[in-house]
Amino acid sequence: MVNAIRLITSKRDGLALDREEIVGLIDAYTCGVVPDYQMSAFLMAAYLRGMNETETAALTESMLNSGATMGRQIDSKSRVDKHSTGGVGDKVSLIVAPTAAACGVCVPMITGRGLGHTGGTQDKLSAIPGFRTDLTTADCGSQLDRIGVVITAQTDEIAPADRRMYALRDVTVTVDFIPFIAASIMSKKLAEDIDGLVLDVKAGRGAFMATEDDARQLAKMLVSIGERFGTRTIAWMTRMDVPLGRAVGNWIEVVESVRCLQGDGESDVMEVSIRLAGEMIHLAGCATSAAQGRKMAQCAINSGTALQKFVEIVETQGGDARPLFQPPKMQAAAEVYAPASAQGYVSDIDALVVGLTACQMGVGRRVKEDEVDPMSGIILHKKPGEPVTGGCLLASLYTQHERQVRRFVAAIRNSYSFSASPPPWQPVIMDRLDRSGWLSSRIAS
């Protein structure tokens, strides 16, 4: 029997627990032997006292083993997935998954709902009429065998301990603890029975990890856990100070993703998407290098095979693909114009302000019980570096909260900054981490 009081006391006093103690505690909690109030006490003790890599790996292992995995045939193709830590306007998964799959990668992608300002891939896909994200593990395995890619939500069978513990983390204000974040992400990804994982760890105002130091710490822990479990894991750090692309919302991000798959995407979105897809293609053994993988990804978009694969995903999972190519006309609730003093260039857009405003407009959830409006969102007509004049159109807002429109307009206008000359260029790609270390460090040495 697990002595939960002893383990909570040890962690409260700053002691490290061994693998057997962590696994035993999580197993007992999953089986109902340890009650919620004791697990809440453990979560807070760990949050305040910290957890080392061994403890975090054990936590990941116990979450992973608390449920089922997708399973696979012995002779099946290499499975490689991609995960993003979330950011404003981040629709990259909708581009990367079909692109990599079109190049021969088997992609089992478990996605999540949005909570707060960073959005969620599950909500974007649910904006497509009829699209199902409630597939069982058996459904996922069957679809992977048939078309080589599936994009679904976490099932009841996968990592149930993670789901129960996340609910407690939410109410005990321990969500933003890096070991908990890493264990939660990796337990679900490892349950996909993958051979490789490519991570997009975002850093900046609009990211879950607002500081570069926190983003690097999370990336290091994620890569360490993946490699410990025998899964080749690569992390790219990308900048999230400014919204990615021009669309921030669920349906409108789907529409922008289709344009990207048609070869008409925004440069920042495409740079991240091609970079991540290239890594996936290489990890799967479909290319001899990441550079060749990037060329293959670009060819899949140029030839239309990536778009065809996205349509196949939509139709296989019950969705109607026709609106993707003939989107319904949407009437903006309001337009945001530049102030008369704005002359020169857009110098900055605060992604956090845009994300929080979009959430209030109906794009995301402030608490898990909130309903999401799939048609709400923001389209940015001007991005940093683009010229402006007083009174020019900056953004269009789509929302059903008409009484709050004036406040939304003011917030988006205030998120913009202007300058007489173009702002310094900020690369969206920041750094790369694999089992050999950070790319920037290797270049410097």
Side-chain angles (χ1 to χ4, degrees), residues 1-69 81 83 85 110 112 115 154-194 197 199 201 208-209 214-215 217-231 233 235:
M1 293 292 291
V2 170
N3 187 336
I5 293 176
R6 180 182 68 81
L7 298 183
I8 294 167
T9 302
S10 295
K11 182 48 64 179
R12 181 202 66 188
D13 293 342
L15 301 178
L17 304 183
D18 61 31
R19 173 189 170 278
E20 289 71 24
E21 289 173 324
I22 294 284
V23 170
L25 177 65
I26 304 306
D27 286 351
Y29 175 65
T30 305
C31 295
V33 174
V34 171
D36 281 349
Y37 63 84
Q38 285 188 319
M39 181 52 66
S40 296
F42 172 78
L43 293 175
M44 184 57 71
Y47 183 91
L48 295 174
R49 288 296 194 169
M51 296 180 73
N52 61 34
E53 286 192 12
T54 300
E55 290 175 298
T56 306
L59 181 60
T60 305
E61 177 188 356
S62 56
M63 287 178 172
L64 168 64
N65 292 335
S66 69
T69 63
D81 193 12
H83 177 81
T85 57
I110 294 177
L115 184 61
Q154 180 181 2
T155 72
D156 292 339
E157 307 149 284
I158 289 177
D162 169 63
R163 190 183 308 104
R164 289 190 61 193
M165 290 176 66
Y166 190 92
L168 289 184
R169 288 166 57 203
D170 192 27
V171 297
T172 57
V173 201
T174 56
V175 169
D176 61 342
F177 183 48
I178 288 177
F180 290 168
I181 297 169
S184 178
I185 290 170
M186 295 305 291
S187 63
K188 294 189 286 287
K189 291 301 173 182
L190 293 170
E192 299 169 342
D193 287 317
I194 50 177
L197 176 63
L199 298 157
V201 181
F208 195 61
M209 297 286 105
D214 283 348
Q217 185 181 345
L218 176 58
K220 182 180 178 182
M221 190 164 287
L222 292 169
V223 171
S224 173
I225 292 171
E227 295 290 345
R228 184 186 287 253
F229 281 84
T231 300
T233 306

Checklist entry - What's the spacing between Ser66 OG and Met165 CE if we round to 0.5 Å? => result 9.5 Å

Item to check | Reported CD1-to-CE distance for the pair Ile185 and Met221, which is rounded to 0.5 angstrom | outcome: 11.5 Å

Checklist entry - Is a side-chain donor or acceptor of Ser187 paired with a backbone partner of Met63 at a separation under 3.5 angstrom? => result no

Item to check | Selection residues 219-231 - residue pairs positive for side-chain hydrogen bond (donor to acceptor under 3.5 Å, both in side chains), sequence neighbours left out | outcome: Glu53-Ser224

Item to check | Under the salt bridge (charged side-chain N to carboxylate O under 4.0 Å, His left out) test, residues paired with Lys189 that sit two or more places apart | outcome: Asp81, Glu192

Checklist entry - Which atoms form the tightest heavy-atom contact between Arg169 and Ser184, and what is the distance? => result NH1-CB, 3.8 Å

Checklist entry - What heavy-atom pair brings Arg12 and Arg49 nearest, and what distance separates the two atoms? => result O-NE, 2.8 Å

Item to check | Residue list, side-chain contact (heavy atoms from CB on, under 4.5 Å) with Ala16, at least two apart or on another chain | outcome: Asn52, Glu55

Next on the checklist: Please enumerate all residues that pass side-chain contact (heavy atoms from CB on, under 4.5 Å) together with Asp18, with sequence neighbours excluded.
Outcome noted: Glu20, Glu21

Checklist entry - Does the side chain of Leu48 come within less than 4.5 Å of Met44's, by heavy atoms? => result yes

May I have the list of side-chain donor-acceptor pairs in residues 26-35 shorter than 3.5 Å, sequence neighbours left out?
from, atom 1, to, atom 2, distance (Å)
Tyr29, OH, Asp36, OD1, 2.9
Thr30, OG1, Ile26, O, 2.8

Under 3.5 Å, side-chain donor or acceptor atoms of residues 172-183 against the rest of the protein: list the pairs with distances, not counting sequence neighbours.
from, atom 1, to, atom 2, distance (Å)
Thr172, OG1, Leu168, O, 2.6
Thr172, OG1, Thr174, OG1, 3.0
Asp176, OD1, Tyr47, OH, 3.0

Item to check | Side-chain touch Leu64/Glu61, heavy atoms, less than 4.5 angstrom | outcome: no

Checklist entry - Nearest 0.5 Å, what's the CG-CD1 distance between Leu25 and Ile8? => result 7.0 Å

Checklist entry - Taking the side chain as C-beta and beyond, is there a heavy-atom pair between Leu17 and Phe42 under 4.5 Å? => result yes

